[in-house]
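Scroll down for the structure; my scribbles are underneath it.
This chain uses plain numbering: 1 for the first residue, then up along the sequence.
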Amino acid sequence: MKEKIFNIIQIGDKSNRISRAFDFFITIVIVSNILVTFLETFSQLAALHPLFRTVEYVTISIFCVEYVLRIWTADLLYPGKSSSRARLRFLVSFDGIVDLLTIIPLFFLSGFVLFRMLRVARIFHLFRLNAKYDSFNVITTVLYVKKNQIISSLFIVLILMLASSLCMYSVEHPVQPEVFRNAFSGIWWSMSTLLTVGYGDIYPVTTLGQVMAICIAFLGVLVIAIPTGIISAGFVEQYQRKSDISNIKDTDIKEIAEIFVDRKYAGQTIRDIEEAHGIKIFLVLRDSLSILPQPDMVLKLKDIIIIR
């Protein structure tokens with residue numbers, strides 16, 4: 001029974017119809033929960049607030065049951081750990097934290113701003129649900145693979161932001177002491193300029209400041225294009241690489257293929273994959289290593305297997 005429940009509540013298991021139906025059901029529950037939270041803010045719908053509150057309690061109760069079941073089956077999610085360690089690992093994971101933040105406002109005073117803000121955490125259920133499917137998994141994979149380049153580009157943006165804020169503060173503070181009161185005012189201006197938002201609440205009035213603003217605005221367009229180009233190139237690479245392993249058995253592959261290992265197949269052995277899908281794995285790419293596969297080798301998330 002425990003294993004059956006575990007298989008059902010696992011998100012993204014396309015081979016299990018009951019599990020896919022559960023994913024669809026949870027999606028409806030999440031959307032309903034977010035929708036009533038949104039509609040509760042309309043004073044024109046005050047007559048329906050008791051209904052909204054009932055829907056909110058019912059949906060959060062479902063979240064609570066799901067949360068308890070995931071804690072109960074955590075030892076199957078992390079088979080290499082003891083029951084207590086597996087449950088602790090789930091509690092501190094992204095899924096566990098999102099589940100906890102979702103149900104906390106139900107048990108505490110909802111009048112506090114902090115607990116009202118925690119209701120926004122329910123939206124992350126949709127990210128968690130979609131992350132197990134191919135569409136969103138591509139996004140998370142690109143961000144993971146390109147994280148070093150993205151961090152480097154964001155570091156460049158931060159340096160330019162600090163430099164431009166200090167320069168603008170030095171130029172504009174003598175003329176506008178109430179507007180550019182300190183360096184943070186310059187950071188706010190540089191952020192809105194470099195990111196091309198342009199709020200217009202703070203702006204230079206001196207000639208030198210305006211010339212600097214023009215240069216910084218041009219730099220902002222160029223700098224923001226760097227992480228955009230990195231992510232776009234990552235999407236192209238990932239879509240060329242990614243293939244659905246569950247469709248390989250029915251596909252006539254005549255050339256070398258790279259198959260991305262997602263959450264569904266992570267933790268399975270080479271032998272299990274080959275026998276289940278009728279394929280032959282020749283090589284495993286893991287980080288910067290090229291590994292010759294052994295039958296008992298366990299595949300990890302984000303591995304790439306080479307087949308023909």
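- In this structure, Thr269 and Leu299 have side chains that are not in contact, with every pair of non-hydrogen atoms separated by 4.5 Å or more.
- Inter-residue side-chain proximity for Leu283 and Ile305 is flagged as unmet; no heavy-atom pair is nearer than 4.5 Å.
- Both Leu162 and Met191 belong to a common hydrophobic cluster when Ile, Leu, Val, Met, Phe, Trp and Tyr are linked at side-chain heavy-atom distances under 4.5 angstrom.
- By the 4.5 Å heavy-atom criterion applied to side chains, Lys2 and Leu76 are counted as neighbours.
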Pair Met161, Ile187 - check side-chain contact (heavy atoms from CB on, under 4.5 Å), show working. CA-CA 6 Å; Met161 188 178 299; Ile187 291 178; 4.2 Å; yes
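- Hydrophobic clustering places Phe25 together with Ile9 (ILVMFWY residues linked when any side-chain heavy atoms are closer than 4.5 Å, directly or through intermediates).
- Crowding of Leu158 atom CG: a count of heavy atoms from other residues, nucleotides or ligands under 6.0 Å exceeding 12.
- With contacts defined as side-chain heavy-atom distances shorter than 4.5 Å, the pair Ile26/Asp23 does not qualify.
- Counting side-chain heavy-atom gaps under 4.5 Å among Ile, Leu, Val, Met, Phe, Trp and Tyr, the cluster of Phe155 also holds Ile159.
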For a side-chain contact (heavy atoms from CB on, under 4.5 Å) check, start with the C-alpha distance between Tyr203 and Val205, then their side-chain angles and the critical distance, and finish with the verdict. CA-CA 7 Å; Tyr203 55 89; Val205 295; 3.9 Å; yes
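- Hydrophobic cluster membership for Ile214: Phe218 (Ile, Leu, Val, Met, Phe, Trp, Tyr linked by side-chain heavy atoms under 4.5 Å, directly or transitively).
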Start with the C-alpha gap between Lys302 and Asp262, add the side-chain angles, then the distance that decides, and say whether salt bridge (charged side-chain N to carboxylate O under 4.0 Å, His left out) holds. CA-CA 6 Å; Lys302 303 186 186 304; Asp262 55 16; over 6 Å; no
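- Counting only distance, with no hydrogens or angles, the side chain of Asp272 and the backbone of Gln268 share no donor-acceptor pair below 3.5 Å.
- The closest side-chain heavy-atom distance from Ile279 to Ile273 is below 4.5 Å.
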Kindly determine whether Glu56 and Arg53 satisfy side-chain contact (heavy atoms from CB on, under 4.5 Å), including the steps that lead there. CA-CA 5 Å; Glu56 186 175 11; Arg53 183 65 63 178; 3.2 Å; yes
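- The structure places CD of Glu172 at 3.5 Å from OG1 of Thr206, a figure rounded to the nearest 0.5 Å.
- Across all their heavy atoms, Leu39 and His49 have their closest contact at O-NE2, 4.3 Å.
- A distance of 10.0 Å separates OG1 in Thr59 from CD1 in Ile34, rounded to the nearest 0.5 Å.
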Worked verdict on Leu77 versus Thr73 for side-chain contact (heavy atoms from CB on, under 4.5 Å): CA-CA 7 Å; Leu77 182 62; Thr73 59; over 6 Å; no
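- Nearest heavy-atom pair, Pro204 versus Trp189, reported as atom, atom and distance to 0.1 Å: CD-NE1, 3.7 Å.
- Clustering ILVMFWY residues whenever any of their side-chain heavy atoms sit less than 4.5 angstrom apart, transitively, puts Phe63 in the very cluster that holds Val58.
- Taking OG from Ser153 and CG from Asn148, the interatomic distance works out to 11.0 Å, rounded to the nearest 0.5 Å.
- For the pair Ile270 and Asp296, the minimum side-chain heavy-atom distance is 4.5 Å or more.
- Using a 4.5 Å cut-off between side-chain heavy atoms of Ile, Leu, Val, Met, Phe, Trp and Tyr, with links allowed through other members, Leu88 and Leu100 fall into different hydrophobic clusters.
- With rounding to the nearest 0.5 angstrom, the CZ atom of Arg89 is 7.0 Å from the NZ atom of Lys81.
- Ion pairing between Glu274 and Arg271 fails under the 4.0 Å rule for side-chain N and carboxylate O.
- Using a 4.5 Å cut-off between side-chain heavy atoms of Ile, Leu, Val, Met, Phe, Trp and Tyr, with links allowed through other members, Phe184 and Phe180 fall into different hydrophobic clusters.
- Minimum heavy-atom separation, Ser164 to Ile216: CB-CD1, 3.3 Å.
- Looking at Gln210, Gln176, Met212 one by one, the single match for side-chain contact (heavy atoms from CB on, under 4.5 Å) with Val171 turns out to be Met212.
- Scanning all heavy atoms of the two residues, the minimum distance from Tyr78 to Ala86 falls at CD1-O, 3.6 Å.
- Under the salt bridge (Lys or Arg N to Asp or Glu O under 4.0 Å) criterion, the residue pairs touching residues 142-157 are Lys146-Glu237, with sequence neighbours excluded.
- Trp72 and Arg87 get closest at one heavy-atom pair: O-NH2, 3.5 Å.
- For Tyr169, the ring-ring contact (aromatic ring centres under 6.0 Å, His included) partners two or more places apart in sequence, or in a different chain, are His173.
- Contact detail for Phe22 and Ile8: the closest heavy-atom pair is CD2-O, 3.6 Å.
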Which donor-acceptor pairs under 3.5 Å do the side chains of residues 219-233 make with protein atoms, sequence neighbours left out?
{"from": "Thr228", "atom 1": "OG1", "to": "Ile224", "atom 2": "O", "distance (Å)": "3.0"}
{"from": "Ser232", "atom 1": "OG", "to": "Thr228", "atom 2": "O", "distance (Å)": "2.8"}

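- Considering CG of Asp287 and CG of Asp303, their distance stands at 7.5 Å, rounded to 0.5 Å.
- For the pair Ile60 and Cys64, the minimum side-chain heavy-atom distance is below 4.5 Å.
- Using the six-membered ring where Trp is involved, Tyr265 and His277 have ring planes that are perpendicular, over 60° apart on the 30 and 60° scheme.
- Residues passing the ring-ring contact (aromatic ring centres under 6.0 Å, His included) test with Phe42 are Phe38, sequence neighbours excluded.
- A distance of 10.5 Å separates CD1 in Ile62 from CD1 in Ile28, rounded to the nearest 0.5 Å.
- In this structure, Ile304 and Val284 have side chains that are not in contact, with every pair of non-hydrogen atoms separated by 4.5 Å or more.
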